[in-house]
2 protein chains.
Amino acid sequence: MPRYKLTIEFDGSGYSGWQRQDNAPSVQQTLEDAALALDGNPVQVIGAGRTDAGVHALGQVAHVDLAKPHPAHKVRDALNAHLRPHPISVLKAEVAADDFHARFDATSRSYIYRIVNRKPDLTLDKGRAWKMPSPLDADAMHEAAQALVGRHDFTTFRDSNCQADTPVKTLKMISVTRRGGEVVVETTARSFLHRQVRSMVGSLVEVGRGKEQVGWIADILKAADRTACGPVSPPDGLYLTSVSYDPLTD
Amino acid sequence: MPRYKLTIEFDGSGYSGWQRQDNAPSVQQTLEDAALALDGNPVQVIGAGRTDAGVHALGQVAHVDLAKPHPAHKVRDALNAHLRPHPISVLKAEVAADDFHARFDATSRSYIYRIVNRKPDLTLDKGRAWKMPSPLDADAMHEAAQALVGRHDFTTFRDSNCQADTPVKTLKMISVTRRGGEVVVETTARSFLHRQVRSMVGSLVEVGRGKEQVGWIADILKAADRTACGPVSPPDGLYLTSVSYDPLTD
């Protein structure tokens, strides 16, 4: 039973999230329906990151077992044909080892978060970025964010529904950069808690718009108290950009 | 009767184009409805560029006369409030001279055209770029495009419905650049013929995918024959990025 590694892009706007759910369209279910149409057998598609409703992906990774062997590029093209007209595309399909696991073998996940810093409503970027009217100081946000790098108890930035065993995670990097009218947050970790990126971004924006001082992020991290967190930013601006399987980056 | 200059961004996907039409939603009509709601009087919104159905704008410029004077930022905010939930935003409103004319005073218009060079269907960029599966040689496209710069009879690149007095136009610049998985065409002229940019882009892609040689663009330009043009590229990838009113760039 050949196993394939899939690299997937999707517009998360119309989905309840990655994970299969009763009575709500999910990215996983849509992919599984396409795989069933291709393979003739019910199959599971296991993703590296369980993105929330409205969150997008430029490089989600998943694995799938198919009953019949096919050349990898045919798996990609056939899945894409069955995925039409859903806004989900398989960018790459590769034959994987039988024991490759998209979720458990991942050594890092990277996200970007796009903030469009202006007052007028979004048009082309509606659902694809967070509009923030208050002028943001990206340098202050970047400086504040550096307190989050390293191994910490991230309880403050963890959704109450998070099912992880522990709130202790290691953030590999986080950067905040202004690119014209946009402020972009990039971050990488082996794994994140539920809503951790959106909780960090929402809190950093409190610093960026001058409501809180740079040192506040370190303070609320140390508090290890969910009620200390800033407002959680909306899903619109969040993109899972890549998943790495390099044991050296572990 | 104060005149205002408006800088406008819109997602053209759901519109029949800029220009007001019976029985089809246009960007101009939607703006005029918003201006009527603000001003209480029927008003005309005159745009610099009459974009086609499905074409987007990051910086269309228009002028409008309102019966009552308001501070310019209030005009912007009130128009935007009345424009909701349409994907049209006034980025900037400025008080203009009484004789300022968005269309006739424009000294240059700039467009970009986005081509996503890959086989899998677009997801987040659906309706916002042209997907081209054949590998494109952006350097060859750029070299070929230079034959278009300057004053020429652009009959080859002119739609049969074009209402301009003459097919002779002066192209100020055109460039083709690869940016990762995208090929981006940027071009500027005082004015363009109907579908000129999409006709040039469609023809350049014939060179980029190796179907035609670099010199072919110069050949079909010289032919001054509409039937010599390559396929016209779809509107999805086209954005009016800016309009200039600097007499020095005339």
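Computed from a predicted model, the values in this text were never measured in an experiment. Below, read A as the first sequence line, B as the second, and so on, with proteins coming before strands; counting in each chain starts at 1.
The pair Arg209(A)-Asp137(A) does not meet the salt-bridge criterion, since no charged nitrogen lies less than 4.0 angstrom from a carboxylate oxygen. Between Lys126(B) and Asp121(B) no salt bridge is recorded (no basic side-chain N to carboxylate O distance below 4.0 Å).
No donor-acceptor pair closer than 3.5 Å links the side chain of Arg118(A) to the backbone N or O of Leu91(B).
Taken from CG in Asp139(A) to CE in Met141(A), the straight-line distance is 10.5 Å, to the nearest 0.5 Å. Interatomic distance, NE2 of His194(B) versus CG of Asp159(B), reported as 5.0 Å (0.5 Å rounding). How far CE of Met200(B) is from CZ of Arg198(B): 12.5 Å, rounded to the nearest 0.5 Å. Of the inter-residue distances, the one linking Lys119(B) atom NZ with Lys131(B) atom NZ reads 8.5 Å to the nearest 0.5 angstrom. Of the inter-residue distances, the one linking Glu94(B) atom CD with Phe100(B) atom CZ reads 8.5 Å to the nearest 0.5 angstrom.
Scanning residues 57-72 of chain A against chain B with a 4.5 Å non-hydrogen threshold yields Ala57(A), Leu58(A), sorted by number. Residues from residues 7-24 of chain B that place a non-hydrogen atom less than 4.5 Å from a non-hydrogen atom of chain A comprise Glu9(B), Phe10(B), Asp11(B), given in numerical order. Residues of residues 236-243 of chain A lying within less than 4.5 angstrom of chain B, judged on heavy atoms, are Tyr239(A) in numerical order. Near-neighbour residues of residues 78-85 of chain A relative to chain B, defined by a heavy atom under 4.5 Å from a heavy atom of that chain, comprise Asn80(A), Arg84(A), Pro85(A).
For Lys92(A), no part lies near chain B; criterion is any non-hydrogen pair under 4.5 Å. Using a 4.5 Å cut-off between heavy atoms, Ile88(A) contacts chain B through its backbone alone, with no side-chain atom that close.
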Task: Verdict with reasoning, Ser110(B) to Glu186(B), per side-chain contact (heavy atoms from CB on, under 4.5 Å) - done: CA-CA 7 Å; Ser110(B) 293; Glu186(B) 298 177 86; over 6 Å; no
Open item on the list: Working note: Arg128(B) + Glu182(B), criterion salt bridge (Lys or Arg N to Asp or Glu O under 4.0 Å); need CA distance, chi angles, decisive distance, verdict.
Closed with: CA-CA 12 Å; Arg128(B) 290 162 167 75; Glu182(B) 280 192 35; over 6 Å; no
